[in-house]
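Below is one structure, written out as structure tokens, with a few remarks after it.
Below, all heavy atoms of this structure are taken into account, side chains as well, without hydrogens, waters or symmetry copies. Since the model is a prediction, treat every value here as computed from it, not as a measurement.
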Amino acid sequence: MDMIKKLHRQFILLATLAVFIIIAVALSVINGMMYLIVRGDIHDVLETIADNGGVITTRRISGEGWLPDGSWVEDTPEFTYQTRYFSVLLDSDGTAKVTNINHIAAFSAESAVEAAVAAVKTGESEGYFQKQKGTYAYHVSRTTDGDLLVVILDCTRDLSAVKAFLKYSSLFGLLCLLLFVGIVTVLSGIAIGPFVRNMENQKRFITNASHELKTPIAIISANAEAMELINGKNEWTGNIIAQVKRLSLLINDLVLLSKIGETSAKDLTLVDTDLSEAVKGSAGSFRQMIEDAGKTLSVEVESGIHAKVEPRLFSEIVSILLDNAVKYCDEKGTITARLEKHKKGVILSVSNPYQEGASEDYERFFERFYRGDTSHNSKRSGYGIGLAMARDMARLMKGSLAVSYKDGVITFSLSL
């Protein structure tokens with residue numbers, strides 16, 4: 001269930017990220033267009049005043065702005081009184097010849113000339129500057145007499161409208177994003193409800209079926225052993241007992257797999273553990289099995305390596321990796337268990353020669369019930385559950401389990 005909740009959160013996060021990108025792009029385009037339109041209007045008004053010798057005209061130059069036709073500037077008698085501007089005509093020496101401040105209150109004649117001279121010194125034909133809380137746009141042009149005409153326009157209201165639109169459109173976008181998160185959380189929760197219930201029913205079935213199967217399996221095993229006592233060992237009773245043991249292991253693995261699926265990291269108690277001794281102990285219990293199989297075990301463990309783990313789960317992972325290595329190690333091969341300390345933590349690796357592994361699909365090794373032999377007729381025992389359990393147990397301890405294959409050797413690495 002922890003995995004389903006994690007996938008649910010990832011889906012919500014990715015969907016929210018996608019919607020955020022769409023909203024951000026849409027608002028950026030809309031606000032960018034509005035800003036360019038306003039700048040175009042300001043540019044047109046400045047040029048209109050400059051072309052008229054530094055005074056306002058009620059007729060706007062058409063064909064050059066973003067909204068050249070049918071705008072409020074055109075044929076509007078009040079436009080002359082609504083526009084706050086001034087103009088200064090400077091000679092080649094920078095001396096003011098004509099100053100027109102009839103349409104602005106924030107500048108005196110002296111401050112108007114100072115602003116005009118400062119605009120000329122920038123070397124730009126157009127630009128913006130701040131004065132107190134106001135924003136002003138300037139336009140510098142040269143007359144036929146060689147003088148410089150500087151027109152300065154108060155555009156505080158226009159740019160404030162752009163800023164206000166940016167602010168409220170951003171708030172609206174944020175509100176839409178929060179609303180989307182709420183809706184997608186509720187609806188996706190409803191959508192995955194049947195899947196969650198199905199998973200719960202499967203786990204409940206596995207648990208109940210396992211308990212129900214244990215009794216008849218125990219009876220079959222006891223009867224087979226009794227027959228051996230009465231009639232002596234034979235091929236039939238030997239096969240029955242072998243298959244009973246195999247079935248018992250499968251049931252135990254299914255129960256353990258089900259319990260792991262119901263366990264979350266917060267349910268575990270991680271304690272400081274001597275991993276060196278734990279690995280040596282687990283490897284020692286496999287040594288006889290490995291020797292009986294005609295293979296060799298090499299244990300390369302640094303002493304005194306400690307880490308915070310759940311001891312039972314760590315030992316189980318080591319056993320799973322060693323058991324897997326015994327099954328898939330080449331004849332007379334060497335199984336190597338190595339424990340090393342690195343800067344970022346501890347790495348346990350179990351490797352063995354496996355010449356047939358060149359064609360394996362290693363991306364699927366940790367899938368439940370996956371086996372390289374899809375016909376399931378392999379002489380190797382197992383059901384493809386162990387590695388899936390090992391990976392889940394590693395995640396519960398905030399670690400990771402990976403597999404690699406190089407030069408005929410397969411290696412499973414547990415990083416903690």
Side-chain angles (χ1 to χ4, degrees), residues 1-50 60-74 76 79 82-85 119 122-140 151-196 363 395 400:
M1 301 310 299
D2 205 37
M3 180 183 66
I4 295 176
K5 291 179 181 179
K6 183 178 179 180
L7 290 174
H8 188 205
R9 288 193 295 267
Q10 288 179 346
F11 168 76
I12 295 173
L13 179 62
L14 292 175
T16 302
L17 179 62
V19 173
F20 172 77
I21 293 173
I22 293 173
I23 293 176
V25 171
L27 291 181
S28 298
V29 171
I30 293 173
N31 282 278
M33 290 284 291
M34 184 175 181
Y35 176 70
L36 291 176
I37 289 172
V38 171
R39 283 198 60 174
D41 288 342
I42 293 171
H43 170 81
D44 287 350
V45 172
L46 286 170
E47 281 200 341
T48 300
I49 297 173
R60 183 181 181 185
I61 297 176
S62 62
E64 294 185 4
W66 281 87
L67 297 173
D69 299 317
S71 73
W72 63 277
V73 178
E74 193 171 308
T76 305
F79 177 65
Q82 293 174 349
T83 305
R84 315 303 300 167
Y85 74 96
T122 62
E124 302 290 338
S125 60
E126 287 189 354
Y128 296 85
F129 67 90
Q130 298 283 332
K131 184 176 187 288
Q132 296 177 346
K133 295 182 179 181
T135 303
Y136 299 87
Y138 64 84
H139 177 83
V140 181
V151 179
I152 297 179
L153 175 69
D154 179 10
C155 54
T156 305
R157 184 177 59 181
D158 302 294
L159 296 180
S160 294
V162 174
K163 292 179 181 178
F165 183 79
L166 174 62
K167 174 183 176 181
Y168 290 112
S169 64
S170 299
L171 290 175
F172 177 74
L174 179 61
L175 179 63
C176 290
L177 187 65
L178 294 175
L179 186 62
F180 170 81
V181 172
I183 292 174
V184 77
T185 300
V186 174
L187 295 183
S188 61
I190 295 173
I192 68 172
F195 179 73
V196 172
E363 293 182 0
R395 288 177 176 175
S400 62

Find the distance between [atom1] ([X]) and [atom2] ([Y]) and round it off to the nearest 0.5 Å.
X    : Y    : atom1 : atom2 : value
R39  : L36  : CZ    : CG    : 7.5 Å
D154 : K131 : CG    : NZ    : 10.5 Å
L7   : R9   : CG    : CZ    : 9.5 Å
T48  : H139 : OG1   : NE2   : 9.5 Å
K163 : L166 : NZ    : CG    : 10.0 Å

For a quick test of your reading: what N or O donor-acceptor pairs under 3.5 Å do the side chains of residues 182-191 make, sequence neighbours left out?
residue : atom : partner : partner atom : Å
T185    : OG1  : V181    : O            : 2.6
S188    : OG   : H8      : NE2          : 2.7
S188    : OG   : V184    : O            : 2.5
S188    : OG   : T185    : O            : 3.2

> Got more than 12 heavy atoms from elsewhere within 6.0 Å of CZ, F180?
Replying inline: yes
- With a cut-off of 6.0 Å (strictly less than), are more than 12 heavy atoms of other residues, nucleotides or ligands near CZ of F129? yes
Taking every heavy atom of T156 against every heavy atom of K133, the minimum-distance pair comes out as CG2-O, 4.0 Å
| query | Do T83 and V45 come close enough that some side-chain heavy atom pair is under 4.5 Å? | reply | yes
Side chain to side chain contact (heavy atoms under 4.5 Å, CB included) filter on L159, not counting sequence neighbours, yields Y35, V38, I42, Y128, T135, C155
Q. L175 and L179: side chain to side chain contact (heavy atoms under 4.5 Å, CB included), yes or no, with the steps?
A. CA-CA 6 Å; L175 179 63; L179 186 62; 5.6 Å; no
List the atom pairs, donor and acceptor, that lie under 3.5 Å between side-chain atoms in residues 12-29 and the rest of the protein, sequence neighbours left out.
residue : atom : partner : partner atom : Å
T16     : OG1  : I12     : O            : 2.7
S28     : OG   : A24     : O            : 2.6

